[in-house]
Amino acid sequence: MGKNHINNLLHFCQSLYNEIDTLNTLAVMTKSYCTDKEFTGEYYSLKNEISLYLSEERNHYINMLTLVAESALKTRTLCESIENELCLHNNPDDCCG
């Protein structure tokens with residue numbers, strides 16, 4: 001693999017970091033919003049039956065968003081591993097930092 005090819009792949013890794021960070025930020029912000037609404041018990045003066053349904057739905061979304069955020073962090077870690085391997089291959093005497 002040539003240095004130019006490796007540099008292109010490293011550039012793609014950086015772009016991937018940015019996208020992963022954006023996804024993670026959106027997931028965390030939305031989760032926080034749902035969690036705040038749930039903890040404050042904000043149900044917009046709805047009947048108890050509907051409030052219970054809304055609470056269950058919010059908790060489902062909170063759980064899904066937690067999984068999305070965790071997956072984004074795992075993906076970022078994998079991308080960092082790829083970047084480190086590419087850096088070592090590109091310049092064995094130096095590593096990315």
Check against side chain to side chain contact (heavy atoms under 4.5 Å, CB included), Glu70 and Thr66:
CA-CA 6 Å; Glu70 288 172 359; Thr66 298; 3.6 Å; yes
For Met64, the hydrophobic cluster (side chain heavy atoms closer than 4.5 Å, chained through members) also holds Tyr61
Quick one: pull up CD1 in Ile6 and NZ in Lys3 and give me the separation to the nearest 0.5 Å.
7.5 Å
Separation between SG (Cys34) and CZ (Phe39), nearest 0.5 Å, reads 11.5 Å
How is the hydrophobic cluster of Ile20 composed, in terms of its other members, when Ile, Leu, Val, Met, Phe, Trp and Tyr link through side-chain heavy atoms under 4.5 Å apart, directly or indirectly?
Leu16
Check side-chain hydrogen bond (donor to acceptor under 3.5 Å, both in side chains) between Asn63 and all other residues, then give those that pass, not counting sequence neighbours.
none
Any side-chain to backbone donor/acceptor pair from Thr30 onto Ala27? Under 3.5 Å, distance only.
no
What is the distance from atom SG of Cys87 to atom CG of Leu9, rounded to the nearest 0.5 Å?
11.0 Å
Can you name the closest pair of heavy atoms from Arg58 and Lys37 and give their distance?
NH1-O, 3.2 Å
Cluster overlap Met29 with Leu65, hydrophobic side-chain contacts below 4.5 Å
no
Does the Ser51 side chain pair with the main chain of Lys47, one donor and one acceptor, at a distance under 3.5 Å?
yes
For the hydrophobic clusters of this structure (ILVMFWY residues joined by side-chain heavy atoms under 4.5 Å, transitively), does one cluster hold both Leu26 and Tyr33?
no
Can you sort out the partners of Thr22 under side-chain hydrogen bond (donor to acceptor under 3.5 Å, both in side chains), two or more places apart, ordered by chain and number?
none
Can you list the residues that meet the side chain to side chain contact (heavy atoms under 4.5 Å, CB included) rule with Tyr17, with sequence neighbours excluded?
Gln14, Arg76, Cys79, Glu80, Glu83
Are Leu73 and Val68 linked, directly or through other ILVMFWY residues, by side chains that come within less than 4.5 angstrom of each other?
no
All side-chain hydrogen bond (donor to acceptor under 3.5 Å, both in side chains) counterparts of Asn8, not counting sequence neighbours:
none
d(Leu10 CG, Ser15 OG) to nearest 0.5 Å is 11.0 Å
Under 6.0 Å from the CG atom of Asn18, do we count more than 12 heavy atoms belonging to anything else shown?
yes
